[in-house]
Peer 1: 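Please see the structure below; I have some questions.
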Amino acid sequence: MARVLITSAIPYINGIKHLGNLVGSQLPADLYARYMRQRGHEVMFLCATDEHGTPAELAAAKAGEPVAEYCARMHGVQKELSDGFRLSFDKFGRSSSPQNHKLTQHFAGRLAEAGLIEEVTEKQVYSNADGRFLPDRYIEGTCPNCGYDKARGDQCENCTKQLDPTDLIEPRSAISGSTDLEVRETKHLYLRQSQMRDTLNEWIDSKRDWPVLTTSIAKKWLNDGDGLQDRGITRDLDWGIPVKKGDEDWPGMEGKVFYVWFDAPIEYIACAKEWADEKGLGDEAWERWWRTERGADDVRYVQFMGKDNVPFHTLSFPATIMGSGEDWKLVDYIKSFNYLNYDGGQFSTSQGRGVFMDQALEILPADYWRWWLLSHAPESGDAEFTWENFQVSVNKDLADVLGNFVSRVTKFCRSKFGEEVPGGGDYGSAEMALIERLTPRIRAYEAHMEAIEVRKAATELRAIWVEGNEYLQAAAPWSVFKEDPDAAAAIIRLSLNLIRVYAVLSRPFIPDASAQMLAAMQTDDDSWPDDVHAALTALPPGHAFTVPDVLFRKITDEEREGWQEKFAGVRK
RNA sequence: GGGCCUGUAGCUCAAUUGGUUAGAGCAGAGCGCUCAUAACGCUUUGGUUGGGGGUUCGAGUCCCUCCGGGCCUACCA
């Protein structure tokens with residue numbers, strides 16, 4: 001038994017996430033966490049909301065709420081939705097937690113002591129009307145290169161030219177539209193990541209088994225141009241973690257907070273402390289996951305994220321951890337994902353294009369979404385959601401192949417033998433042949449899950465379901481029953497046992513249906529089919545069961561067309 | 001501009017990292033079955049692997065070039 005620490009990229013607080021966000025980190029992380037738990041490993045699965053930064057402040061202002069209240073409320077909303085999708089976090093924390101405040105300040109203090117923090121005075125645009133400094137991309141104006149009048153301060157979206165806010169002609173605040181802007185001097189802390197470039201390079205080079213997507217992004221940032229650049233880790237904002245050097249004030253940094261990308265990954269650690277505190281456990285309970293000298297040395301740490309998050313997880317956060325000089329656990333494997341597109345374009349939070357987590361659950365139960373999203377996870381390239389594809393996959397894979405198998409077996413048994421596992425007959429050559437086909441498939445499924453090859457695992461699982469239908473079709477108990485009821489009984493006994501095995505194998509993908517299947521088989525035996533033959537005799541003759549309700553209903557053409565219409569445009 | 005990824009059957013994806021005749025699922029066609037959510041099974045049609053050139057005994061895989069799609073480019077997170 002191993003110990004596995006799993007974190008999912010933490011979703012930003014300013015709204016409900018869409019299915020692209022979900023499949024890019026939390027959902028595959030959950031799949032892996034569930035699988036590892038099922039295989040008997042000790043798992044710590046952590047996620048949280050990422051609550052700081054300008055967009056959070058603006059979203060709160062738009063909602064007419066104080067930012068702390070807004071974040072608390074949205075955390076609740078996101079928590080409820082993650083529960084709805086059956087995301088099995090051990091703790092869903094908050095980057096604004098007191099634990100993270102303390103830990104973030106601690107890291108900053110350690111980095112300062114190690115000489116890895118530099119104070120830099122720089123010029124930034126301040127908006128008098130908004131009463132705040134503006135990040136580059138919150139300044140709009142006319143592009144000096146192409147004349148586009150909605151160019152942002154960091155880049156012109158029209159001609160793609162990189163810009164400095166002061167390049168803009170007639171600059172204005174993107175928040176209020178005010179042109180009452182001025183350039184002010186302000187002091188910030190920079191993390192001297194450049195000093196750690198060689199260390200990071202070596203570390204990345206040692207990760208030969210990481211996805212290309214992960215290492216290529218890291219190498220690009222390490223080696224592009226002048227190499228890894230130092231990074232500002234503070235901001236002039238009200239909402240955030242106050243800049244402190246450990247427990248002490250930081251002269252000259254009064255009123256400033258840490259940059260959200262500095263404190264967000266630290267929340268992975270603080271979240272474990274939130275978990276321990278909530279359970280009334282001491283520090284040793286969470287430190288054994290995070291401090292290598294206090295037990296975390298034998299932990300395997302796996303992170304899940306979308307590709308846009310890779311630089312922070314491969315460089316900035318490791319630099320923070322390594323630079324502290326303390327024995328914090330570094331990530332062992334990073335699984336990164338491409339994007340999920342929506343029907344020919346991108347999912348868009350701002351335009352309300354696509355399906356959002358709350359809407360998805362209003363339409364169909366979590367399992368339908370989990371299955372489609374995971375079996376189409378954007379691993380090798382960007383993937384695309386279309387309603388036609390969703391309808392076909394759900395109807396075919398879940399309703400026809402798996403659901404109908406459960407249905408035909410249980411109903412046939414009820415009508416011929418009653419609602420208990422029938423005795424009589426023995427497993428013969430057909431059953432042994434099935435076991436011989438099933439065994440390598442299950443081993444392959446395990447290997448794919450172990451390697452976090454999500455789509456391949458889904459494909460193999462589906463093939464395992466298909467084996468049941470093929471067997472049943474060939475064995476034809478409905479014909480055999482007429483001549484030899486005992487032989488038919490053996491076929492059905494095996495098939496009922498197969499339902500239990502399917503429930504166990506399918507649980508990481510479709511936990512609710514899996515629970516329904518086990519409940520219908522009236523068993524708590526969720527042991528993994530290491531020995532397939534033994535697993536197919538777990539339910540003995542005479543064991544009572546019930547015929548479950550339809551596991552998966554089909555999506556009709558009318559529904560599909562309605563949803564297609566409903567989600568095409570701007571969100572209600 | 002630079003970098004990375006990607007282009008394989010009508011659709012969604014594979015292809016043991018250079019090795020026989022490029023495979024699955026869905027859709028299409030045919031047959032079978034009647035236990036079941038009109039479900040299931042079997043058979044079958046379908047590809048100049050985006051175009052062109054090169055390296056090699058051998059290329060979907062490596063190189064060059066052109067065309068198309070996507071992402072990143074450090075102050076959104």
Side-chain angles (χ1 to χ4, degrees), chain A residues 9-14 50-56 58 122 124-125 133-139 152-155 160-162 164-165 174 188 193 212-213 215-217 219-221 223-225 228-232 235 259-261 264 306-312 315-316 338-339 341 346 350 375-376 378-386 388-389 391-393 395-416 455-456 458-459 462-463 466 468-479 481 488 491-492 495 547 549-554:
Chain A
I10 65 179
Y12 199 65
I13 194 69
N14 70 339
D50 179 12
E51 305 192 359
H52 299 133
T54 308
L58 298 180
E122 56 192 11
Q124 291 234 327
V125 174
F133 282 93
L134 297 177
D136 289 359
R137 72 174 54 192
Y138 282 96
I139 301 161
R152 292 188 322 206
D154 56 340
Q155 185 175 32
T160 73
K161 187 178 174 58
Q162 307 266 323
D164 198 74
H188 283 296
Q193 319 185 102
V212 183
L213 187 63
T215 51
S216 64
I217 292 173
K219 298 297 278 186
K220 158 84 167 143
W221 280 54
N223 300 320
D224 197 40
L228 187 61
Q229 302 296 298
D230 293 341
R231 193 166 183 108
R235 290 292 183 273
Y259 175 43
V260 54
W261 260 116
K307 58 185 166 186
D308 51 333
N309 275 316
V310 167
F312 304 99
L315 304 170
S316 308
N338 289 283
Y339 292 142
N341 291 319
Q346 294 187 345
S350 55
S375 62
H376 294 79
E379 290 177 302
S380 57
D382 291 349
E384 171 142 329
F385 175 92
T386 64
E388 289 85 353
N389 192 305
Q391 179 193 25
V392 165
S393 287
N395 288 356
K396 202 70 200 170
D397 300 347
L398 296 180
D400 293 346
V401 175
L402 177 61
N404 183 54
F405 176 79
V406 173
S407 191
R408 65 195 297 206
V409 169
T410 53
K411 285 181 179 170
F412 180 81
C413 184
R414 179 173 62 185
S415 76
K416 302 295 190 231
R455 278 188 315 210
K456 287 179 182 173
T459 302
R462 186 190 191 280
V466 167
N469 283 312
E470 287 178 3
Y471 164 74
L472 206 57
Q473 199 63 35
W478 48 90
S479 300
F481 181 80
I491 295 165
I492 290 303
S495 300
V547 174
D549 293 335
V550 165
L551 282 180
F552 297 99
R553 72 175 187 83
K554 296 209 190 192

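Here is the naming used below: chain letters follow the sequence lines, and residue numbers restart at 1 for every chain.
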Peer 1: Sticking with atom P, work out how far rU21(B) lies from rA59(B), rounded to a whole angstrom.
Peer 2: 10 Å
Peer 1: For Arg137(A), give me all partners under salt bridge (Lys or Arg N to Asp or Glu O under 4.0 Å), at least two apart in sequence or on another chain.
Peer 2: Asp154(A)
Peer 1: So what does Pro477(A) touch, heavy atoms closer than 4.0 Å: a base, only the sugar-phosphate, or nothing?
Peer 2: nothing
Peer 1: Are side-chain heavy atoms of Leu551(A) and Leu398(A) found at a separation under 4.5 Å?
Peer 2: no
Peer 1: Could you state the atom-to-atom distance from CG of Asn341(A) to C1' of rU12(B) in whole Å?
Peer 2: 14 Å
Peer 1: Looking at every strand, decide which applies to Leu551(A) at a 4.0 Å heavy-atom threshold: base, sugar-phosphate, or nothing.
Peer 2: base
Peer 1: I'd like the C1' distance from rU34(B) over to rA29(B), given in whole Å.
Peer 2: 22 Å
Peer 1: Can you list everything that forms a ring pair (Phe, Tyr, Trp, His ring centres under 6.0 Å) with His376(A)? Sequence neighbours excluded, please.
Peer 2: Trp372(A)
Peer 1: Go through rA77(B), rC35(B), rA15(B) for me and flag the one nearest to the Lys456(A) side chain.
Peer 2: rA15(B)
Peer 1: Taking for each residue the nucleotide of RNA chain B bearing the nearest heavy atom, is the 5' side occupied by Val409(A) or by Asp397(A)?
Peer 2: Asp397(A)
Peer 1: Of the nucleotides rU37(B), rG41(B), rA77(B), which has the atom closest to the Lys554(A) side chain?
Peer 2: rU37(B)
Peer 1: Closest to the Phe552(A) side chain: rC75(B), rU37(B), rA14(B)?
Peer 2: rU37(B)
Peer 1: Using the P atom as the reference point in each nucleotide, state the distance between rC26(B) and rC64(B) in Å, no decimals.
Peer 2: 40 Å
Peer 1: Measure from the side chain of Ser479(A), starting at C-beta and using heavy atoms only, and say which of rU37(B), rU12(B), rU34(B) lies closest.
Peer 2: rU34(B)
Peer 1: So Lys396(A), base contact, sugar-phosphate only, or nothing? Heavy-atom distance under 4.0 Å.
Peer 2: sugar-phosphate
Peer 1: For Gln229(A), which contact category applies under a 4.0 Å heavy-atom criterion: base, sugar-phosphate, or nothing?
Peer 2: base
Peer 1: Compare the minimum distances between each of rG2(B), rA77(B), rC75(B) and the side chain of Lys220(A), then state the nucleotide with the smallest one.
Peer 2: rG2(B)
Peer 1: Under 4.0 angstrom, heavy atoms only, what part of the nucleic acid is Val125(A) near: base, sugar-phosphate, or nothing?
Peer 2: nothing
Peer 1: In whole Å, what separates the P atom of rC31(B) from that of rA14(B)?
Peer 2: 35 Å
Peer 1: What does Phe133(A) touch in the nucleic acid at a heavy-atom separation under 4.0 angstrom: a base, only the sugar-phosphate, or nothing?
Peer 2: nothing
Peer 1: Using a heavy-atom cut-off of under 4.0 Å over every strand shown, decide if Ala383(A) touches base, sugar-phosphate, or nothing.
Peer 2: sugar-phosphate
Peer 1: Side-chain N or O of Tyr471(A) less than 4.0 angstrom from OP1 or OP2 on rC40(B)?
Peer 2: no
Peer 1: Would you measure the distance from the C1' atom in rG46(B) across to the matching atom in rA9(B) and give it in whole Å?
Peer 2: 6 Å
Peer 1: Phe412(A): which residues meet the ring pair (Phe, Tyr, Trp, His ring centres under 6.0 Å) condition with it, sequence neighbours left out?
Peer 2: none
Peer 1: Applying ring pair (Phe, Tyr, Trp, His ring centres under 6.0 Å), can you list everything that pairs with Tyr339(A), at least two apart in sequence or on another chain?
Peer 2: none
Peer 1: Quick one: stems involving RNA chain B, counted as three or more successive Watson-Crick or G-U pairs, both distances short of 3.5 Å.
Peer 2: B:1-7 with B:67-73, B:10-13 with B:23-26, B:28-32 with B:40-44, B:50-54 with B:62-66
Peer 1: Looking at the side chain of Val392(A), which of rU12(B), rC76(B), rC26(B) is the nearest nucleotide?
Peer 2: rC26(B)
Peer 1: Pick base, sugar-phosphate or nothing for Thr410(A), based on heavy-atom distances below 4.0 Å to the nucleic acid.
Peer 2: nothing
Peer 1: Using the C1' atoms only, state how far rU49(B) lies from rA22(B), rounded to an integer number of Å.
Peer 2: 8 Å
Peer 1: Just compare rA74(B), rU37(B), rA77(B) and give me whichever is closest to any side-chain atom of Val260(A).
Peer 2: rA77(B)
Peer 1: The side chain of Glu122(A) is closest to which nucleotide in this list: rG41(B), rC75(B), rC40(B)?
Peer 2: rC75(B)
Peer 1: For Lys411(A), which contact category applies under a 4.0 Å heavy-atom criterion: base, sugar-phosphate, or nothing?
Peer 2: sugar-phosphate
Peer 1: At under 4.0 Å between heavy atoms, what does Lys219(A) touch on the DNA or RNA strands: base, sugar-phosphate, or nothing?
Peer 2: nothing
Peer 1: Gly53(A) near the nucleic acid: base, sugar-phosphate alone, or nothing, with a heavy-atom cut-off under 4.0 Å?
Peer 2: sugar-phosphate
Peer 1: Taking the side chain of Arg462(A) as its heavy atoms from C-beta onward, which of rU37(B), rG25(B), rU12(B) lies nearest to it?
Peer 2: rG25(B)
Peer 1: Between the main-chain N or O of Val401(A) and the side-chain N or O of Asn469(A), is there a donor-acceptor pair closer than 3.5 Å?
Peer 2: yes
Peer 1: Distance check, P atoms only: rG7(B) and rC62(B), in whole angstrom units.
Peer 2: 10 Å
Peer 1: Please list, chain by chain and in numerical order, all residues satisfying ring pair (Phe, Tyr, Trp, His ring centres under 6.0 Å) with Phe552(A), sequence neighbours excluded.
Peer 2: Tyr368(A)
Peer 1: It should be established whether Tyr339(A) places a side-chain nitrogen or oxygen under 4.0 Å from OP1 or OP2 of nucleotide rG69(B).
Peer 2: no
Peer 1: Under 4.0 Å, counting only non-hydrogen atoms across every strand here, what does Asn404(A) touch: a base, just sugar-phosphate, or nothing?
Peer 2: base
Peer 1: What's the closest nucleotide to the Val550(A) side chain, out of rC13(B), rU37(B), rG2(B)?
Peer 2: rU37(B)
